[in-house]
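This report concerns only the one structure given below.
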Amino acid sequence: MTFADRRLLCAADDVAPGAMLRVQPEGLDPILVCNVDGKLYAVDDECTHAIASLSEGRLQGNIVFCPMHGGSFDVCSGKAKSLPCKQSLRTWPIEVSDGKVYLVR
Ligand code: FES
């Protein structure tokens, strides 16, 4: 894999265990980086139910709760977990290298 195949999202220690961070890579929609028990995951930041930034919601374990209507998603799989959310979030492959988090294409 070449360096051009990946894009820097943030520093790994920008996202503490149990925390999440909204990042906006150039040319892409905002991505939510979540730390679940020390492991990082990346999903789309926008809720699939309506227009809301999941970064303004709450992360509990591997579940993110939308601030708008309280629907939820599993940030590891992207799957919708509670209504009114039905459609999964897009998940993004990431790689952590030298303390930095990269989106891998
Ligand atoms: Fe997220 Fe409605 S906008 S649950």
Side-chain angles (χ1 to χ4, degrees):
M1 178 179 305
T2 67
F3 186 74
D5 293 322
R6 49 187 205 167
R7 270 201 224 190
L8 179 64
L9 293 180
C10 60
D13 58 10
D14 285 345
V15 194
M20 53 187 178
L21 178 70
R22 180 184 193 263
V23 293
Q24 172 86 66
E26 193 178 328
L28 293 174
D29 290 332
I31 291 176
L32 187 66
V33 181
C34 302
N35 187 326
V36 178
D37 295 330
K39 184 157 185 208
L40 296 173
Y41 298 88
V43 292
D44 275 349
D45 178 57
E46 188 172 298
C47 184
T48 60
H49 176 240
I51 298 174
S53 170
L54 294 171
S55 68
E56 294 171 12
R58 160 173 70 89
L59 182 65
Q60 189 173 324
N62 60 325
I63 304 296
V64 63
F65 292 87
C66 180
M68 188 69 74
H69 307 111
S72 64
F73 301 90
D74 181 332
V75 298
C76 304
S77 66
K79 289 199 167 127
K81 297 302 281 183
S82 63
L83 295 172
C85 303
K86 294 180 183 170
Q87 184 184 332
S88 297
L89 288 174
R90 177 174 182 172
T91 58
W92 292 88
I94 56 172
E95 166 185 300
V96 180
S97 173
D98 292 332
K100 295 186 172 86
V101 183
Y102 295 92
L103 181 66
V104 182
R105 303 202 123 205

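Each ligand, and each atom within it, is numbered from 1 in the order the structure gives.
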**Request:** Go through the steps to decide whether His69 and His49 satisfy the test side chain to side chain contact (heavy atoms under 4.5 Å, CB included), and finish with yes or no.
**Result:** CA-CA 9 Å; His69 307 111; His49 176 240; 3.1 Å; yes
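His69 contributes ND1 as its N, O or S atom closest to atom 2 (Fe) of ligand 1. Within His49, the N, O or S atom lying nearest to atom 2 (Fe) of ligand 1 carries the name ND1.
For ligand 1, the atoms lying closer than 4.0 Å to a non-hydrogen atom of Pro84 are 4 (S). For ligand 1 and Cys85, the ligand atoms under 4.0 Å from any heavy atom of the residue are 4 (S). Every atom of ligand 1 with a heavy atom of Met68 under 4.0 Å away is listed here by number and element: 3 (S). Here is the list of ligand 1 atoms found below 4.0 Å of a heavy atom in Cys66: 1 (Fe), 3 (S), 4 (S). Close approach to Gly71 involves these atoms of ligand 1, each under 4.0 Å from a residue heavy atom: 4 (S).
Counting all heavy atoms, side chain and backbone alike, Thr48 lies closest to Gln87 at OG1-O, 2.7 Å. Shown here for Val43 and Thr91, the closest heavy-atom pair between the two residues is CG1-CG2, 4.0 Å.
Without hydrogens or angle criteria, Asp45 side chain to Ser55 main chain gives a donor-acceptor distance under 3.5 Å. Between the side chain of Ser82 and the main chain of Ser72, a donor-acceptor pair closer than 3.5 Å is present. Not a single donor-acceptor pair under 3.5 Å links the side chain of Asp98 to the backbone N or O of Lys100.
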